[in-house]
There are 2 protein chains.
Amino acid sequence: MYVKKLPELDYGVATTIKALGGKWKACILDCLHLGIRRPSELCRNIPGASLRVLSQQLKELEACHIVYKKVYAEVPLRVEYYLTSWGESLWPVIVAMNEWGNAYLHHHCNSTPQES
Amino acid sequence: MYVKKLPELDYGVATTIKALGGKWKACILDCLHLGIRRPSELCRNIPGASLRVLSQQLKELEACHIVYKKVYAEVPLRVEYYLTSWGESLWPVIVAMNEWGNAYLHHHCNSTPQES
DNA sequence: GCCTATAATGATAAATTTGTCCATATGGAT
DNA sequence: ATCCATATGGACAAATTTATCATTATAGGC
C-alpha cells in the first residue's frame, strides 16, 4: 500500500477533507444513507466509478471508521456496508457542504470552481 | 495551466471540496479571517508552505471567487487578499468541518484518518 | 555594487490519487 | 464446459496535485 512521504496537516478541516475528500466518497455515503449497501449496487448507482475504485474508497472509509462492513456467508458473496456512528455524525457536515456547493453551482452557471 | 482530462463531478459536496480542498486553502482562509492578508505574511504564518505554493492556492481561490486581491502601487510591491462574500458564506461550513475533524482527532489519538 | 524584501511565474520534479486490466474463488444457469 | 454474478486485490498506467528551483523587477540599507 502507499506510504505518505509529505508531512500531513492535522487540524480539523484538513482531517475532514482527508476523510471525505476522495473522489467518490460523498457519493458512496449518500448511497449508504439511501440504503444502497452492496458494492455492485453502488457501482450501478454511481455512473463513472468502477468496482475497483469503489472498493478502494470503501476501504479507506472503513479505515476512517466512517463505514463498517458486514459479510454474509453466501454465494455469490454478499457484502454490505453501513455508516458507523461517526459516519452518521458526519451527515450534517455533508449537508452543509452540499448546500454551499449547490448554491455556488447555481450562481456560477454550473461551471466548476477552478474554471470560472 | 493544467487542463483536466478526467470528468468532474458537479454536485454540491464535490464542488465545495474542489473549492476548499487544496492542501493549504483552509489555512489561508483562516489567516484571512484573522486579518493576515499579505502573501509574505501568510508564508510566515503557515509553516511548511512556500510562497510559490501559497500563490498557486490564492490564485485558485481567486478563480473561485472566494478571495479577491488588492494591489498597492508601492515598492516593494504590496498585495492584500480579502474574503469575498462567497468566502464569508463559506465560513460556517468551514467551522462545521473543523469541529467534526477536531472531534475525530480527539477520539482517534491524533492519528490521521487513513492511517488508523 | 551587493544584499534585503516584495510578488509572481516558468520549468520541472516528486508525490499522490485515480483508473484500467487481469486474476482469484464459488455456485448456479445455460 | 462455459458464462454469469459476486467481492477483492495485484500490477501498473494515467492523471492530478504539490513542491523545488530559478528568474523577473524595483527601491532601500549597508
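So that the names make sense, note that chain A is the first sequence line, chain B the second, and so on, each numbered from 1.
Between A/Tyr2 and C/dA14 there is no side-chain N or O to OP1 or OP2 distance below 4.0 Å. Between B/Gln57 and D/dT18 there is a side-chain N or O to OP1 or OP2 distance below 4.0 Å. Note on B/Trp24: every side-chain N or O is 4.0 Å or more away from OP1 and OP2 of D/dT17. Considering only side-chain N and O atoms, B/Lys5 lies nowhere under 4.0 angstrom from the phosphate OP1 or OP2 of C/dG19. Contact annotation: A/Lys69 reaches the phosphate of D/dT8 (side-chain N/O to OP1 or OP2, under 4.0 Å).
No side-chain heavy atom of B/Tyr11 sits less than 4.5 Å from a side-chain heavy atom of A/Leu105. Looking at heavy atoms from C-beta onward, A/Leu77 lies in side-chain contact with A/Val71 at the 4.5 angstrom threshold. A/Asp30 is not listed as a side-chain neighbour of B/Val13, based on a closest heavy-atom distance of 4.5 Å or more.
Taking every heavy atom of both residues into account, B/Lys25 and B/Leu61 meet most closely at CD-CD2, 3.8 Å. The heavy-atom pair separating A/Leu20 from B/Ile17 by the smallest distance is O-CD1, 3.6 Å.
Comparing A/Lys23 and A/Val75 by the nucleotide of DNA chain C whose heavy atom lies nearest to each, the residue mapping closer to the 5' end is A/Lys23. Judged by closest nucleotide on DNA chain D, A/Val79 is the one of A/Leu6 and A/Val79 placed further toward the 5' end.
Between the C1' atom of D/dA11 and the CD atom of A/Gln56 lies a distance of 12 Å, rounded to the nearest Å. The nearest whole Å value for the distance from the CD atom in B/Glu60 to the C1' atom in C/dT9 is 14 Å. As a whole-Å value, the separation of B/Leu58 CG from C/dT9 C1' is 14 Å. The CG-P distance, from B/Leu77 to C/dT6, rounds to 11 Å in whole Å. In this structure, A/Glu80 atom CD and D/dT8 atom P are separated by 12 Å, rounded to whole Å. As rounded to whole Å, 16 Å separates atom C1' of C/dG27 from atom CZ of A/Arg78. The separation between A/Ile28 atom CD1 and C/dT18 atom P is 11 Å, rounded to whole Å. Atom CG in B/Leu20 sits about 15 Å away from atom P in D/dT17, given to the nearest Å.
Heavy atoms of other residues, nucleotides or ligands lying less than 6.0 angstrom from NZ of B/Lys23 number more than 12.
In this structure, B/Tyr72 reaches neither bases nor backbone, as no heavy-atom distance under 4.0 Å exists between it and the strands shown.
Taking the six-membered ring where tryptophan is involved, the planes of B/Trp100 and A/Trp86 are perpendicular, since the angle between them exceeds 60° and thus also 30°. The aromatic rings of A/Trp91 and A/His33 sit parallel, their planes meeting at an angle under 30°, below the 60° perpendicular limit.
End-to-end axis angle of the helix from C/dG1-D/dC30 to C/dT30-D/dA1, from C1' rotation axes over five pairs per end: 40° (rounded to 10 degrees).
No side-chain N or O of A/Glu62 forms a donor-acceptor pair with one of A/Tyr81 less than 3.5 Å apart.
Contacts between residues 35-53 of chain A and DNA chain C, counted as heavy-atom distances below 4.0 Å, involve A/Ser50, A/Arg52, A/Val53.
Checked against A/Pro39 for a side chain to side chain contact (heavy atoms under 4.5 Å, CB included), the options A/Ile28, A/Leu51, A/Leu54 give a single hit: A/Leu51.
When each of C/dA7, C/dT9, D/dT16 is scored by its nearest atom to the side-chain atoms of B/Lys59, the top-ranked nucleotide is C/dT9.
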